[in-house]
Amino acid sequence: MSNAPDPIYSVENLCVRFPLAQPFSEMIAGKERPTVRAVDGVNFSIRRGEILSLVGESGSGKSTIGKALLRLLDPKVITGSVCFEGKDVSTFSKTDLTTFRQRAQMIFQDPYQALNSKLSNFYQVAEPLYVNHLTKTKEELYERVRVAMDQAGLRPPESYMGRFPHELSGGQRQRIAIAGAMVMNPDFLVADEPVSMLDVSIRADILKLIVGLREERGVSCLFITHDLSLAWLISDRIAILYLGKIMEIGKAEEIAANPLHPYTQSLLSIMPKLELRKEGKRELLSGEIPNPTEAPKGCRFSSRCPHAMKRCSEEEPAMSDSGEGHLAACFLLDEKKA
Amino acid sequence: MALLEVTDLHTEFAVGKKTLHAVDGVSFTLEQGESLGLVGESGCGKTTTALSIIKLLPGNAQITSGSILYQGEEVTKKTRKGIRDMRWKEISIVFQGAMNALNPVMTIGDQIADAILLHENLSKEAVKARIAELLERVEIDRKRATNYPHEFSGGMRQRAMIAMALACNPKIIIGDEPTTALDVMVQAQIFDLLERLRRELRMAMILITHDLSAMTDTCDKAAIMYAGKIVEYVRVADLFTEAAHPYTRLLMSSYPRIGSERKMIDSIPGTVPDLTDPPKGCRFCDRCPEAMPICRETPPPEILLPGEHRVSCHLPSLIQKEGAKHV
Amino acid sequence: MNRRYLLKKFLQAIITVFAVLIINYFLFRIMPGDPLAMLVRSPSLSEEAKASVAAMFGLDKPWYIQFFVYIKQVFTLDMGTSFIYKKPVLDIIAERIPATLLLTVPAEILAVFFGCYIGMISAWRRGTKSDVLGTGVSMVFYAMPTFWLGILMVTFFSATLGLFPTSGMMTTTLGDRSFWAEAGDVVVHLILPVITMALVMLGNYTLVMRNSLTDVLTEDYINTAYAKGHTAKNVLRRHAMPNALIPVTTLITMNLGFTISGALQIETVFSWPGIGRLMYDALQGRDYPLLQGIFLLISICVVGANFLSDILYGYLDPRVKA
Amino acid sequence: MITEGQIPHIKNSFIGSFRVFCKNKMGVLSLIVLLFFIFIAVFGQLLVPYDPQSFGQNGIMEAPSASHVLGTDEMGRDLFGALVSGTRTSLLVGIFGTVISMVVGALIGIVSGYRGGKIDALLMRLTDIMLVLPWLPLMLVLAALMGSSIWNIIAVIGLTGWAQTARIIRAQTLSIKERQYIERARVIGSSDFHIIRRHILPDVFPLILADAVTTAACAIDAETTLSFLGMGDITRPSWGMILHYAFESGAASSNAYWYLIPPGLCVLFVVLSFSYIGNAFDEIFNPRLRGRSENGAS
């Protein structure tokens, strides 16, 4: 872990509002488009060489945050600031953006979809170099592709280059995708559920690869997952998301050993432990995560919280620090302190 | 007499000119009220095994040998009518991905009624009352019987599917990856519900899953399948301490154990063998860290260990284990 | 189906009708070169007719006034006077509508019924001989030029076998007859054109039904139905067909609007005195007011049929939301 | 060691697709029929012993004989010669009309699908309007107003036929746009142009091809109908025009089968071939899109 004081990313009060479908008639009438808040005021930072995990169910906005970090969303839908090395990504000039695209990369969830099946593995890995005109000679291009594939564990690289993604297994494809990200020597990586589509038996390889990049090259990473136990396994810190907002953030060990927010506690209790479970140990929540358009008032978790009080549906709890950067947004914590 | 007894089941698919041995000599028994987990990676034949029981196989698949005894009757010899009468009334299924498994143009109530009326001669009112009771059992408001599937959330659809599966009071319920594509919390809810209903209604259950961890809270016994065969058959209570087959043990170490010591999980290198041309020895030998020369040549013997524990492996430590019996 | 969906579709239809009006306007006025010269290019036009064209289209006024006059004419149902028939366009069209309906309605019913049936059998027995035959025959009729099939029918059944009259709607030389004798005569005249038209439309419905049902049969809920213990026939009847019929029904409704243009060829070949034949005559005689009126009528029929199909879709498919 | 130049970049899917195509018997047969007609269109004139426009020396309405394989028409012209020169016109209209409607349709479809937003809304409204316009009457009116030159007919067919293509291409572009490899292409810094050229066009192209075949069938059918209804180009006789003269001269009632059957059969064979090839393409490239409707086929 790094002691460098300046974070590679700092995110302040990030909100993302997606416009909903609007009839053509209303569009020409100039009516304001209805929106849905996918991300609703999120603050966090990622230190150099750190792996931060975003954990949440579908609809929690975790992938949207990942895209916002990489400036993949329409700037019109974003408010708040996302700073990469102290500079707001929305203010990037064209040249800034070109450098930025080389330094921040992404790994996708589905290795079957993230690679264009009509292009060879070589091209998949070499494409970033092509589109950014990063290599001058063919030899240099070939060498960089070879090194990246080797690093991604595709050995020998030559045996993969001429083939196409559909000739490979899911794990090998994900390695191609990782090689395609590594070929530019990025400093930062968004890994969006990189193992959720893979067989259990090969998840470890991909996770080791990501951890290895951090260990050997100091690559920082935002690891997006729905699986708290995977987040706990590989990351330094974990942020728990619920309906577009961070409920709890802190060191991975802290979150696992001493969860503060009721949502985290419940998530933790249903994680499989591969041991005989004692009766009643699971704290199941009722219902499902509401649609972001119908988020409850006050604390957005209040509609499913087993400890919900009257206050919870009236006002929204602020993040409170319980020491060592372990923060949670819940009124129960205030009561404990008081 | 066991409720369901499957012996040496072989089911094959015709793929072009080749034959794919999807299920290759599978045996297990299921007692009344018992739940069995069929676990394995995708393509190892677990769904085919389950669907063979009610002969719900695609046109290019066929049960080639073996016997399936349901309440002492041979299913493979039943007439079409006999099979149809058995489906849903005796054995029902909760399919994966309830969005597609429910008919989009019928209301939930009508779809449940469709199943009831097919097997029972009930009055309109009785059917209506039954639907309301079923929906409440799965914690859905009875008024929502008039809703269409698309008006339900993912978890609710799966609950409705469960209600439909219970419609004719079956003795066995098959869950075919019932929680894929659902959120972790909803997954836990569905497993919890299935487990509760099974106990209340004293049904037997076969749970098909690729996720070893999902099954451990729900099942009494686990059958670990690899490439069309059951490699290990063990009580879940013993699984964590007694797992004997190298595949089972590797599979167990590919899950992180949150709360204990942080240790990187393991992977199983290599890929599943081609089932149109399976290896002649042990099917796991290419990926097994403990493979011996004999593993490539001879199929492993089945070893009976104490406590209904069966393992198919050549490992001497197993063969010579105390109380081990050869089959 | 909710109100918003209906409203949205209704608005769309209104916008489309308006667009059609505009296209219609420009189509007949803003052509390359001098519009009057363009319009009266036909040498057979008399001076009187030329003057009436100029007056009717108001070509001496600025274009926005012309457009306003045109819109006003449309809304007051004043479509001008036909060159050939020297009567108001609207009256002529109204006279011809019953004949076209008499032809198209039975043809449509026959085509829908047999097309859907053949399509259903083809999909259900996909790959068998009956599928290859059913699909093959449908494709042949689908690919055939409509008028050619009509001519062949006339040649074979009327000219060679002498079974049916070759053209027209009734035999005019017979003088006064009872109503039933006249009706019988019309039916005899109707058989060939109706069969021809039904055969031509049949192919489209067969193929759509087949594709739709084939897709439905691969869905998971079909498997669920089998697992419940339904017989194959019941699965088809209760679970597959209700789903497969949704796109087919909307297509059939949508096609209703196009039926008149299909009738054009049939009516021409069989000299059937309907809207289609009228349009052919108007084209031959370059009768622009009449042509414009018919074109507007057909376009609005199509827009109306589309709107109807949207409503029907919203009614049949519970998934449709605004 | 392999050098970069030896490594394939883009999958040559043509050979693979062709193999799949070859398994479709009707598709292969249709392709052969079509190639035969194209051959006739190009070299056919060499086979005809008579000048198609010359008349007077021959008998009128003669049944087929050794000197006139397909007989003669009411003005004594050799019908075999007319049929051969009609092939050229019909195929010309079919091909050019298709090319225009494909270019327009694909352009609108890709722009609409890729850009989205207001441009998309506007273009799709336009497409919807084009789709509901009854195109046979529209073509007739346009042909009547613009004059019956073959190029006008091609323009009319091209400009009325693109809407269905635009819709299909837009739908496909939308679905491709949502794929993760497009997102990945953006993450690595690709320009819109690069994404369209490298990722969208190659994926849309098979669909354009499949749709082109169907459109070609419609275009030939449309030309035939236009000509039959007397809106054809008199200087370039086509199959439809032969049928027009046949009908006008009362060939139906006088049972002049040699005058009526061959041109219709030619249209039928060509249209049917295009349809079967289209079916085969659909099965290769996009089995899910089979259910689409053909609006406006009158």
Side-chain angles (χ1 to χ4, degrees), chain A residues 19 22-24 27-28 67 70-72 74 97-102 104-124 126-132 134-135 137-143 145-146 158 161-166 177 180-181 183-184 190 192, chain D residues 1-17 112 114-129 172 174-207 285:
Chain A
Q22 186 188 23
F24 185 72
M27 199 189 284
I28 37 177
K67 285 177 188 168
L70 292 180
R71 233 196 96 160
L72 289 174
D74 184 347
L97 197 60
T98 315
T99 350
F100 172 68
R101 289 272 175 251
Q102 291 154 39
Q105 281 295 313
M106 186 163 180
I107 305 170
F108 293 91
Q109 177 179 18
D110 187 347
Y112 290 83
Q113 282 189 32
L115 303 177
N116 185 343
S117 59
K118 289 196 171 59
L119 301 168
S120 73
N121 294 330
F122 179 86
Y123 190 89
Q124 311 280 0
E127 194 177 18
L129 303 174
Y130 277 126
V131 297
N132 293 296
L134 290 180
T135 49
T137 61
K138 280 187 171 183
E139 286 71 29
E140 193 190 345
L141 177 84
Y142 174 77
E143 190 52 27
V145 171
R146 204 189 63 79
E158 286 80 3
M161 286 179 180
R163 291 200 272 162
F164 290 88
H166 66 92
V183 75
M184 301 219 273
V190 171
D192 188 355
Chain D
M1 196 169 100
I2 318 164
T3 59
E4 192 261 319
Q6 288 168 294
I7 297 162
H9 282 193
I10 296 170
K11 187 176 163 189
N12 193 345
S13 52
F14 179 76
I15 296 172
S17 303
S112 191
Y114 190 75
R115 291 293 303 274
K118 286 193 174 137
I119 294 179
D120 177 37
L122 209 71
L123 285 177
M124 278 306 110
R125 223 64 281 280
L126 185 71
T127 310
D128 281 350
I129 290 167
Q172 181 74 357
L174 276 181
S175 97
I176 296 169
K177 205 176 78 169
E178 292 307 310
R179 290 183 197 165
Q180 282 179 355
Y181 60 77
I182 300 294
E183 190 110 60
R184 188 179 101 92
R186 250 186 236 136
V187 179
I188 60 171
S190 314
S191 60
D192 283 350
F193 178 73
H194 176 89
I195 292 175
I196 289 180
R197 189 180 69 103
R198 254 290 176 265
H199 298 288
I200 293 189
L201 261 186
D203 265 19
V204 167
F205 189 74
L207 263 189
F285 298 130

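Worth saying up front: this structure is predicted, and the values here are computed from it rather than measured. As a basis for the values below, the full set of heavy atoms in this structure was taken, side chains included, without hydrogen atoms, waters or symmetry mates. Chain A is the first sequence line, chain B the second, and so forth, proteins listed ahead of strands; every chain is numbered from 1.
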D:Arg198 and A:Leu119, any side-chain heavy atoms less than 4.5 Å apart: yes
Gap between atom CZ of D:Arg186 and atom CZ of A:Arg71 - 0.5 Å precision: 12.0 Å
Within 6.0 Å of CZ in D:Arg197, more than 12 heavy atoms from elsewhere: yes
Top contributor to chain D contacts, counting heavy-atom pairs under 4.5 Å, from A:Gln102, A:Glu127, A:Lys67, A:Gln124: A:Glu127
Chain D contact via A:Leu70 - side chain, backbone, both or neither, heavy atoms under 4.5 Å: side chain
4.5 Å side-chain heavy-atom contact, D:Ile188 and A:Gln105: yes
Closest-packed option against chain D by number of heavy-atom pairs under 4.5 Å, given A:Leu129, A:Asn116, A:Asn132: A:Asn116
Partner of D:Val187 by side chain to side chain contact (heavy atoms under 4.5 Å, CB included), out of A:Ile107, A:Leu72, A:Val190: A:Leu72
Per-residue contact mode, D:His194 against chain A (heavy atom under 4.5 angstrom): side chain
Closest non-hydrogen atom pair, D:Gln180 against A:Phe108: OE1-CB, 3.3 Å
D:Arg184 (side chain) donor-acceptor with A:Met106 (main chain) under 3.5 angstrom: no
Chain D contact via A:Ala126 - which portion, at a heavy-atom distance below 4.5 Å: neither
A:Gln109, part contacting chain D, at a heavy-atom distance under 4.5 Å: both
Largest heavy-atom contact set with chain A, pairs under 4.5 Å, which of D:Pro202, D:Ala185, D:Gly189: D:Gly189
